[in-house]
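Structure first, then comments.
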Amino acid sequence: MSQSENKTSFGEDLKRRISEIKLTRWIRFGIVTLVFIAWVAWMHSWWLLIFWFLLFDIYITGYIPLTWWKKSKSPGVRTVMSWVDAIVYALVLVYFVFAFIGQNYQIPSSSLEKTLLTGDYLWVNKFIYGPRVPMTPVHFPLVHNKLFGMKSYLDHPSNEYKRLAGLRKVEEGDVVVFNFPAGDTVLSKYEDVRAEYYDMLVEDHGRRYILDNPQEFGEVMYRPVDRRQNYVKRAVGLPGQRLRISNDTIYIDGQARPFPANVQFDYLFSTTRALTDDDIKELGITPSDIAMMSPAMSDYTYWHSLIPSAPAGQNIYLAPLTQKMRETLASDYGCNAIKKLNDYGRPARYTFPYSNGGDWTISNFGGPDGLLIPAKGMTVELTEDNWKRYHRAIRNYEGHTDSWFDTATGTAYVDGQPADSYTFDMDYYFMMGDNRDRSQDSRFWGFVPEDHIVGTPMIILASFDREHGLTDGKIRWNRILRDANPDK
């Protein structure tokens with residue numbers, strides 16, 4: 001058979017296949033085509049249009065035998081493959097929804113109580129800020145880091161950071177889900193321990209000791225941006241702003257910001273009678289968050305010295321409280337003494353940027369001039385103090401790994417070359433929890449780069465109280481389908 005006859009045969013076969021397609025299938029194909037082209041335009045990656053020919057074959061010509069199993073004579077093959085076909089389609093749909101629209105997220109800690117509670121399951125809107133193009137595109141869509149004890153993603157291929165158009169930027173007061181910036185390097189035996197992340201372990205033990213003792217710390221691993229742990233905090237500082245905290249009050253560019261309605265601080269207090277489990281539940285205090293010091297304890301004298309107005313012989317409690325909870329304590333529980341724990345100026349274990357001489361605490365932070373939050377296109381002078389504040393952004397987040405500061409000469413080096421200034425490539429944010437004294441946030445590990453932003457919680461899908469059983473209030477029915485950010 002000649003080459004021209006082959007071409008004619010193919011052309012006739014193509015015409016036949018097209019002519020046999022019903023109008024309803026053409027309509028479905030047209031809708032899919034419009035959606036696909038809109039998605040390609042949104043991605044700003046027109047080379048993706050090449051996959052339109054695959055859609056044309058799936059809906060119209062059918063040369064690729066994707067549904068071969070439907071013609072199988074074996075009922076078993078048809079049954080198994082129908083399930084495989086449905087699962088594959090479902091996973092593809094879930095992948096695109098989770099990547100570009102939104103996904104569910106569980107609150108693992110109490111850092112945003114009482115706005116969000118431990119055990120809340122949220123729907124996180126990724127569309128509002130513009131979804132990120134997946135940096136690790138080959139991953140299992142229903143898990144984050146691991147599947148059956150193994151990595152749930154492939155390191156290659158990988159994409160550079162790119163964010164699609166959204167509805168707006170992050171605003172002050174937004175509750176934001178983001179990838180943990182200091183989670184770029186993790187230790188296999190500490191990868192799920194949020195309070196003991198790599199940088200803090202290095203501060204405690206030294207990098208060489210960690211590398212020399214893998215039996216204690218495990219393997220040192222790197223995680224891509226979108227595979228790092230998910231955190232949820234409130235955006236309190238935006239790019240280009242100066243942030244200062246004085247006596248727990250946040251000042252932005254010199255202006256005091258009001259506290260969110262549900263902000264909590266740790267308080268010492270005593271009551272005329274001992275609090276029962278029901279009292280603690282009624283007050284809204286998480287049982288694992290309250291500590292009681294009774295007169296029988298050996299350190300009771302120390303705790304009483306911190307709150308001397310408490311009548312001798314009464315129990316002293318330590319718990320995070322909102323303004324409303326403090327009012328309830330005074331009116332309904334006979335609170336006869338109360339003292340904010342931060343009034344004693346207690347030091348934090350570490351505060352960003354670590355080497356600050358210990359003069360910054362979680363209650364008084366940023367110095368007299370405030371901490372300048374980097375903005376895209378902003379240039380800073382590379383002094384020794386600025387290097388301490390911005391070197392992680394320069395090296396870890398913006399990729400200039402061959403950079404350092406020579407304290408002997410007072411010279412900064414970026415990409416191996418002397419530099420007296422640096423211009424940032426990304427916007428950065430300052431995030432804090434509403435449970436201010438029990439939140440690991442930007443006061444400890446610094447700025448959140450824009451490429452780490454995931455989205456904002458919209459609604460609470462479900463809520464389960466880890467402190468109670470199924471028949472004892474485990475399901476928080478009153479939180480289902482509630483606004484996930486009522487203070488905004």
Side-chain angles (χ1 to χ4, degrees), residues 42 94 96-135 141 144 161-181 183 194 225-241 243 250 252 257-263 373 375-376 426-436 439-442 445 447-463 479-488:
W42 190 31
V94 168
F96 276 89
V97 169
F98 280 15
F100 297 103
I101 306 300
Q103 70 181 90
N104 62 306
Y105 173 76
Q106 180 189 2
I107 295 294
S109 70
S110 62
S111 67
L112 267 171
E113 290 191 354
K114 296 299 180 179
T115 303
L116 297 174
L117 305 182
T118 304
D120 281 349
Y121 285 80
L122 313 173
W123 178 255
V124 176
N125 183 345
K126 295 184 176 181
F127 187 84
I128 191 167
Y129 303 139
R132 295 176 302 190
V133 174
M135 300 177 191
H144 189 56
Y161 165 63
K162 181 180 180 181
R163 188 175 296 276
L164 305 182
L167 300 179
R168 63 174 177 84
K169 290 182 174 291
V170 176
E171 295 175 352
E172 192 177 320
D174 280 359
V175 173
V176 180
V177 174
F178 56 92
N179 297 113
F180 180 38
R194 291 174 176 258
V225 170
D226 57 348
R227 298 295 102 192
R228 296 168 192 173
Q229 282 183 317
N230 286 320
Y231 272 43
V232 57
K233 309 289 180 186
R234 189 180 298 277
V236 298
L238 302 181
Q241 293 180 335
L243 177 140
I250 296 174
I252 299 297
R257 293 295 192 260
F259 291 121
N262 290 311
V263 73
I373 303 169
K376 183 177 181 178
M426 290 191 292
D427 285 331
Y428 291 79
Y429 300 86
F430 200 92
M431 306 286 187
M432 287 176 60
D434 289 351
N435 195 356
R436 293 288 170 83
S439 172
Q440 280 279 346
D441 52 38
S442 289
W445 34 256
F447 310 110
V448 177
E450 66 173 79
D451 66 345
H452 285 58
I453 301 294
V454 174
T456 185
M458 299 300 291
I459 59 172
I460 299 170
L461 299 173
S463 185
R479 295 189 62 78
I480 295 176
L481 299 183
R482 283 182 53 178
D483 185 356
N485 190 3
D487 289 329
K488 184 65 171 61

Evaluate the criterion side-chain hydrogen bond (donor to acceptor under 3.5 Å, both in side chains) for residue pair Tyr161 and Glu450; output intermediate values, then yes/no.
CA-CA 10 Å; Tyr161 165 63; Glu450 66 173 79; 2.9 Å; yes
Nearest 0.5 Å, please: how far is OG1 in Thr118 from CG in Leu112?
9.5 Å
Is any NZ, NE, NH1 or NH2 atom of the basic residue among Arg479 and Asp120 found under 4.0 Å from an Asp or Glu carboxylate oxygen of the other?
yes
Closest approach of Asn179 and Asp226, non-hydrogen atoms and distance?
OD1-CA, 3.7 Å
Between Ile460 and Tyr121, is there a side-chain heavy-atom distance shorter than 4.5 Å?
no
Would you indicate whether the side-chain heavy atoms of Lys162 and Arg132 approach each other to under 4.5 Å?
no
With Asp174, which of Arg234, Arg168, Lys233 fulfils salt bridge (charged side-chain N to carboxylate O under 4.0 Å, His left out)?
Arg168
Between Glu171 and Ala235 the two heavy atoms that sit nearest each other are O-CB, 3.9 Å
Just how far is it from atom CZ of Phe98 to atom NE2 of His144, taken to the nearest 0.5 Å?
12.5 Å
Please name the pair of heavy atoms, one in Phe447 and one in Ile373, separated by the smallest distance, quoted to 0.1 Å.
CE2-CA, 4.0 Å
Is Arg257 salt-bridged to Glu172, cutoff N-O under 4.0 Å?
yes
Taking side chain as C-beta onward, heavy atoms only, is Tyr428 less than 4.5 Å from Pro239?
no
Using 30° and 60° as the class limits, which term best fits the ring planes of Tyr231 and Phe178: parallel, tilted or perpendicular?
tilted
Is the shortest heavy-atom distance from the side chain of Trp42 to the side chain of Pro131 under 4.5 Å?
yes
Give me the atom names and distance for the closest heavy-atom approach of Ser111 to Val232.
OG-O, 3.9 Å
What I want to check is whether the side chains of Asp434 and Thr115 have a donor and an acceptor closer together than 3.5 Å.
yes
